[in-house]
Visitor: 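Provided herewith is a single structure, encoded as structure tokens, for subsequent inquiry.
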Amino acid sequence: MGHVDISTALQRIAAIVGPSGVVAPADAAGLLVDERQLFSGAAALIVRPASVEQCAQVIRTCHEAGLGVVPQGGNTGYCGGATPFDAQRQILLSMARMNHVREIDPIGFTMTAEAGVVLAKAQTAAREQELLFPLSMGSEGSCQLGEVLSTNAGGLAVLRYGTARDLVLGLEVVLPNGDVLSELKGLRKDNTGYDLKALFLGAEGTLGVITAVVLKLFPEPRVRQTAWVAVASVDAACRLLSRARRESGDQVVSAEYISRRSLELVLAHVRGARDPLDSAAPHYVLLELASADEEGVLRDRLERIFSRCTRCRRGRRRRDRGLR
Ligand SMILES: Cc1cc2nc3c(=O)[nH]c(=O)nc-3n(C[C@H](O)[C@H](O)[C@H](O)COP(=O)(O)OP(=O)(O)OC[C@H]3O[C@@H](n4cnc5c(N)ncnc54)[C@H](O)[C@@H]3O)c2cc1C
């Protein structure tokens, strides 16, 4: 139990963020239900701080009054983690107003941005400098940077670039007592002491609220080649991926395994969908390669990978029949 009473604390919090930082009950409905509409909740107050200072003061006041804080980004999470459930003892802290890209360093390949920047906006900001922020997923038009780090989101390009955790160089976090931990550094070869920021990645706000980040950027690939490949078994799909990584010099950006059964569900339920190949196969792989090469070079490389796979298969068959 805190030493400030709750109604005083709520008044203080409203004053800290000002009228434009308090969400009116009429606008709150969408924030109190999760993406899949499995959880609906309630909060004593919903606020949108506009700066790390406001965020810290709000959290310090909650700490003094024993109020719970539920941070929320784009509210696209699948586990109900961003839905508050106590109308008396919890506030909802929306990061939506902390939405500025502070700096892009095209020499050091970094971006410094506030936690409420929508993922698609970060991707666009990088692209404008001919750089790539590779985290990409279906919710990228709504989900926000602080939260993709808090959930350690994976997305489509994990094979090449890792999960959100692997894309972070620095963090700014407000701790549960309102102190600010500022580690907004972009140094890649930082081998000093403990990696404190790692504690907050994937922690879903349990250890603090992320307010800003320094992210790794990469050269933007000039060309992409995508292939839909039929394979005989799951094992063959894994071997194809391994071969593609080796033969391309690790230019595989994404690889998705799709069973015939799941393709049939798509064909049955998605209007306009058609089978990509003339005949059915039990398993498929959707493979994407990206590089800074010319288009023809990457296409040739992809075709060479497949032709070697075919040659291997032929070779193995001949061996099986005792022809070699
Ligand atoms: C169509 C679709 C596709 C998706 N695809 C993927 C995918 O490919 N890979 C994947 O991993 N996920 C995927 N997701 C899930 C979801 O988008 C991610 O988990 C995303 O990271 C959630 O971001 P958000 O801004 O919506 O967070 P929210 O749902 O708002 O919050 C998620 C969690 O983080 C906490 N949190 C929010 N803000 C902060 C903060 N600033 N500091 C600390 N904690 C905070 C919240 O309390 C909550 O526990 C997908 C979702 C949808 C709807």
Side-chain angles (χ1 to χ4, degrees), residues 23 28 30-41 43 46-52 54-56 58-59 62 68-86 90-100 113-123 133-168 171-176 178 180-181 183-184 197-213 215 253-256 286 288:
V23 178
L31 306 178
L32 295 171
V33 180
D34 80 307
E35 166 77 21
R36 295 193 293 167
Q37 315 219 326
L38 297 178
F39 306 94
S40 60
I46 303 178
V47 289
R48 291 183 169 136
S51 65
V52 60
Q54 286 187 8
C55 204
V58 167
I59 291 175
C62 288
V69 177
V70 179
Q72 187 180 91
N75 199 19
T76 66
Y78 269 28
C79 317
T83 311
F85 52 84
D86 187 330
Q90 281 184 338
I91 69 155
L92 180 64
L93 187 78
S94 162
M95 304 307 289
R97 281 211 299 166
M98 295 188 60
N99 60 3
H100 300 104
E114 292 177 347
V117 169
V118 169
L119 176 54
K121 179 175 165 179
Q123 295 165 345
F133 181 57
L135 193 67
S136 171
M137 60 188 117
S139 55
E140 64 196 23
S142 313
C143 67
Q144 301 174 4
L145 292 180
E147 299 64 59
V148 295
L149 302 190
S150 298
T151 57
N152 187 25
L156 304 177
V158 168
L159 274 179
R160 173 95 161 260
Y161 301 102
T163 63
R165 193 193 295 280
D166 300 305
L167 299 170
V168 183
L171 272 192
E172 177 187 78
V173 183
V174 179
L175 301 175
V180 177
L181 175 76
E183 299 239 320
L184 284 179
K197 73 176 184 315
L199 289 172
F200 302 93
L201 305 172
E204 297 235 5
T206 50
L207 299 178
V209 174
I210 296 173
T211 48
V213 297
L215 301 169
V253 180
S254 21
E256 293 281 340
L286 182 59
E288 184 181 46

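Note that ligands are numbered from 1 as they come in the structure, with each ligand's atoms numbered from 1 the same way.
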Visitor: Is the closest side-chain donor-acceptor distance between Thr76 and Glu35 under 3.5 Å?
Guide: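 No, Glu35 and Thr76 have no side-chain donor paired with an acceptor closer than 3.5 Å.
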Visitor: Please check if the side chain of Asp34 supplies one atom and the backbone of Thr83 the other of a donor-acceptor pair under 3.5 Å.
Guide: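 Here the side-chain-to-backbone pair does not exist.
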Visitor: Please name the residue in the list Arg97, Gln144, His100 that meets the side-chain hydrogen bond (donor to acceptor under 3.5 Å, both in side chains) test with Glu114.
Guide: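 It is His100; the other options fail the test.
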Visitor: Identify every side-chain donor-acceptor pair in residues 161-168 under 3.5 Å, counting partners at least two apart or on other chains, and give the distances.
Guide:
unit_1: Thr163; atom_1: OG1; unit_2: Asn152; atom_2: OD1; d: 2.8
unit_1: Arg165; atom_1: NH1; unit_2: Leu201; atom_2: O; d: 3.2
unit_1: Asp166; atom_1: OD2; unit_2: Thr163; atom_2: N; d: 3.0

Visitor: Which heavy-atom pair separates Gly141 from Ala120 by the least distance, and what is that distance?
Guide: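 Taking Gly141 first and Ala120 second, the nearest heavy atoms are CA-CB, 4.2 Å.
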Visitor: Mind checking what residues have non-hydrogen atoms under 4.0 angstrom from ligand 1?
Guide: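 Close residues (ligand 1, cut-off 4.0 Å): Glu35, Pro71, Gln72, Gly73, Gly74, Asn75, Thr76, Gly77, Tyr78, Gly81, Ala82, Met95, Met137, Gly138, Ser139, Cys143, Gln144, Glu147, Val148, Ser150, Thr151, Ala153, Gly154, Gly155, Glu204, Gly205, Gly208, Val209, Ile210.
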Visitor: Say whether, by atom type as modelled, one donor and one acceptor occur between the side chain of Thr211 and the main chain of Glu172 under 3.5 angstrom.
Guide: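 The answer is yes, because a donor-acceptor pair under 3.5 Å joins these two groups.
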